[in-house]
Amino acid sequence: MKITSIKDQPIKDSNSDLLDAEKYATALSKFVMESDTPLTIGMQGEWGTGKTSLMYMLKEKIENMSEEENYAIATSWINTWEYSMFKGVEQTTPAVLKGMLDKLKESCGDKWTLTDDIDSKIKKVGSFLGNVANQLVKSNTGINVKGAIDNHNVQAVLDIAEIKSDIKDLIENLILDEKNSYHKVVFFIDDLDRIEPSDAVEILEALKNIFDIHNCIFILAIDYDVVVKGLEKKFGKKTDLNEREFRSFFDKIIQVPFSMPTGAYNIQNFLDTKLKDLGIHINEELLPKYVHVVSNTVGFNPRSLKRYLNTFSLLRKISEMSEDDELTNTYSKDDDDFVLFNLIGIQVSYPKIFRLFNQFPEYLSWDEEVAAKLDLDLVKLKENSKKHGESADEKWEQILFGISQPDPYLRLKWLDVAKVLDNLRKHFKNEKELNTKIHSAMEFASITSVDDAPEGKTTKHFKVEYFDNYDVWEEQLLDKYKQYSNETMTLLKSIYLFIESKYPDVKIKFSKIDISFWCDKDKIANLKIAGVGVTLNLLRKEENDYKLPSIPHDVRNLKNSISDCKWYKVVDISSFDEPLKECFNDSYIIGKEKRNVLKKDNPNIQSILGITI
């Protein structure tokens with residue numbers, strides 16, 4: 001079943017890996033199996049880079065290898081964010097530590113073979129950690145824990161050594177017990193970058209001081225920037241002078257750092273699969289261009305990519321509103337998808353540049369007049385760009401360079417934006433066609449913008465606008481799209497006049513960009529200019545098994561999906577000949593006599609459309 005959005009959840013196994021990250025999980029699992037203990041591995045990366053997914057695959061690999069080599073490893077998976085909800089800083093760390101032991105026992109299941117004496121010890125430690133009243137992180141001594149209450153509500157004061165000793169006994173007894181084959185315990189500590197940075201630092205301190213135990217390996221999902229924020233109270237704001245202190249703390253906790261390999265992800269496979277899941281089929285030759293856009297906008301963060309694709313899917317849905325809606329133009333073409341995809345990338349990653357597009361969409365025509373409105377001097381900008389070794393030769397590049405200079409981030413990224421825009425230009429044969437596509441996409445691209453600046457919002461109103469007659473409709477169309485040739489407009493009018501005279505019972509509606517033809521309440525055809533040629537959308541004929549008619553014209557599916565599957569389109573029409581008139585008549589009869597049309601639940605829908613759903 002086709003979906004309209006991608007859920008933002010980590011994958012749970014290697015079969016779902018679209019980024020080719022499994023090889024890293026395999027290498028890490030072998031490393032874990034052969035490593036001495038204690039050991040802490042830090043999966044480093046910003047939020048959304050796939051740390052949890054890689055940890056799930058690593059856990060899967062470890063468990064599979066354990067079975068193959070009869071070298072069992074007990075595991076415990078902790079979601080620190082869940083243990084921090086509705087808790088203060090003094091409660092989060094004890095809750096996480098207790099949860100690590102609880103999850104270990106839960107994960108072992110029937111293989112938890114410890115005696116009642118040892119089993120009671122875990123309850124004792126768990127009770128202690130679950131009732132900690134005072135939790136302080138100290139620079140040298142670690143955690144000072146006091147005020148524990150046992151199951152009988154008798155206060156007991158335990159020190160760090162006693163807690164650590166009890167946990168050590170518990171782990172050793174589990175490993176040494178001959179009734180199971182465990183050789184190591186691996187703790188997976190996830191979502192440290194989702195909790196308060198100070199809490200994350202406290203948990204790291206606790207792990208170092210309490211769980212620094214033989215036979216234990218800790219795999220942490222962590223963002224170095226979160227650690228830095230959590231240490232600011234201790235070291236102050238990070239500077240060049242004190243950076244070594246921040247790094248020393250991190251190195252003290254993490255023995256093996258592993259940076260998420262986002263740059264090596266198979267983004268093309270990810271995009272292709274996810275887009276097809278959304279019912280969007282991109283021409284295989286165009287996919288590398290989509291990857292190019294991603295690499296120069298949001299980058300290869302999987303979470304950012306999912307958000308990007310969800311935005312793309314939503315805006316396509318808006319464009320797929322009724323053919324009478326003014327938002328709809330030639331959206332089934334690959335070019336429209338590609339332009340919209342580029343604009344979304346700019347909107348999400350470079351909102352200031354997107355504002356500029358809202359004001360001046362035809363970027364290849366940016367000139368001295370546009371520069372003057374932005375208070376920019378093109379001559380100076382060209383010279384300055386050369387001084388920085390970033391030559392901006394064309395005027396649009398110079399304006400892009402100039403508008404980016406006041407912003408530290410854009411100053412570093414303006415060349416990436418230029419690459420996106422240059423790639424977009426090269427995709428089209430001429431500037432007029434590119435401008436038409438940009439204008440069409442910009443009419444609704446701002447809908448998903450989170451930019452508060454007025455320039456970042458569209459001023460257009462999305463409503464259906466109808467016109468009284470052909471002449472008024474044609475006048476407004478040519479006013480908006482001046483590039484349409486006389487030959488194209490003459491052909492368009494001749495088709496309209498033929499249908500008007502031949503089928504007097506057909507109702508005709510003139511919306512902003514097309515002409516639609518109706519039998520009662522059923523639309524039977526749609527006439528418009530797509531790109532630079534005339535296009536006619538018609539209903540599929542059941543007697544022809546809903547297949548495309550064999551006529552001397554370029555006939556295609558209306559869309560590369562089952563959306564509006566009852567229609568087909570005839571594109572770049574050069575003449576309204578007899579075969580085409582017959583096709584219109586078939587469409588008229590289907591509507592007039594209420595005949596069957598192709599529906600999405602047709603069992604042969606895929607073979608009829610020639611696509612994979």
Side-chain angles (χ1 to χ4, degrees), residues 2-27 45-54 56-57 259-316 331-350 413 415-428 437 441 559-561 610-613:
K2 186 182 72 171
I3 59 176
T4 58
S5 65
I6 303 168
K7 60 183 179 182
D8 185 15
Q9 292 183 356
I11 63 172
K12 296 294 183 73
D13 54 58
S14 302
N15 292 330
S16 305
D17 176 32
L18 300 176
L19 297 168
D20 288 351
E22 182 184 2
K23 56 189 176 185
Y24 300 104
T26 301
E46 65 181 14
W47 196 52
T49 51
K51 298 187 294 294
T52 302
S53 295
L54 185 56
Y56 271 125
M57 286 194 287
S259 295
M260 295 303 298
T262 53
Y265 284 163
N266 188 341
I267 296 301
Q268 182 162 320
N269 181 57
F270 182 90
L271 285 177
D272 188 30
T273 303
K274 291 300 182 183
L275 285 169
K276 285 178 179 175
D277 288 344
L278 294 169
I280 303 171
H281 296 260
I282 302 299
N283 188 307
E284 188 174 336
E285 295 179 358
L286 278 177
L287 274 174
K289 291 187 177 182
Y290 277 73
V291 175
H292 180 272
V293 176
V294 168
S295 66
N296 287 289
T297 53
V298 299
F300 294 165
N301 181 308
R303 179 169 282 115
S304 297
L305 280 171
K306 291 173 184 176
R307 182 176 179 231
Y308 194 155
L309 295 180
N310 284 336
T311 301
F312 184 47
S313 176
L314 171 61
L315 292 180
R316 284 184 96 256
Y331 206 79
S332 58
K333 285 186 173 292
D334 292 337
D335 291 346
D336 299 86
D337 277 338
F338 187 60
V339 170
L340 180 60
F341 196 82
N342 276 266
L343 291 178
I344 293 173
I346 293 172
Q347 177 204 99
V348 172
S349 301
Y350 314 111
K413 303 291 288 185
L415 278 175
D416 289 341
V417 186
K419 289 176 184 177
V420 172
L421 297 181
D422 189 53
N423 191 47
L424 184 59
R425 170 179 56 179
K426 291 176 180 177
H427 180 76
F428 289 90
K437 300 297 184 183
K559 305 181 188 301
N560 290 323
S561 68
I611 63 173
T612 302
I613 301 172

Return yes if some donor-acceptor pair links the side-chain N/O of [X] with the main-chain N/O of [Y] below 3.5 Å, else return no.
| X | Y | answer |
| --- | --- | --- |
| K274 | N269 | no |
| T311 | R307 | yes |
| S16 | K12 | no |
| Y24 | P261 | no |

If you compare all heavy atoms of [X] against all heavy atoms of [Y], which two are closest, and at what distance to 0.1 Å?
| X | Y | result |
| --- | --- | --- |
| T297 | Y350 | CA-OH, 3.9 Å |
| I11 | S53 | N-OG, 3.1 Å |
| W47 | N301 | O-ND2, 3.0 Å |
| Y56 | P10 | CE1-CG, 4.1 Å |
| V298 | L305 | CG2-CD2, 4.1 Å |
| K51 | M260 | CG-CG, 3.6 Å |

Look at the aromatic rings of H427 and F338 and report parallel, tilted or perpendicular, splitting at 30° and 60°.
->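 The arrangement is tilted - the two ring planes meet at 30° to 60°.
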
Rounded to the nearest 0.5 Å, how far apart are [atom1] of [X] and [atom2] of [Y]?
| X | Y | atom1 | atom2 | answer |
| --- | --- | --- | --- | --- |
| N310 | L278 | CG | CG | 6.5 Å |
| L19 | D17 | CG | CG | 6.0 Å |
| L424 | L343 | CG | CG | 7.0 Å |
| S349 | D416 | OG | CG | 9.5 Å |
| L287 | I282 | CG | CD1 | 7.0 Å |
| I6 | R303 | CD1 | CZ | 13.0 Å |

Side-chain touch [X]/[Y], heavy atoms, less than 4.5 angstrom:
| X | Y | answer |
| --- | --- | --- |
| Y308 | V348 | no |
| H281 | L275 | no |
| Y290 | I267 | no |
| L271 | V291 | yes |
| E22 | D20 | no |
| D272 | K276 | yes |

Would you sort out whether T49 and F300 count as a side chain to side chain contact (heavy atoms under 4.5 Å, CB included), showing the intermediate values?
-> CA-CA 8 Å; T49 51; F300 294 165; over 6 Å; no

Would you check if there is a donor-acceptor pair between the side chains of H292 and K419 at a distance under 3.5 Å?
-> no

Taking the six-membered ring where the residue is Trp, are the ring centres of Y265 and F270 under 6.0 Å apart?
->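 So the answer is no for these two rings.
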
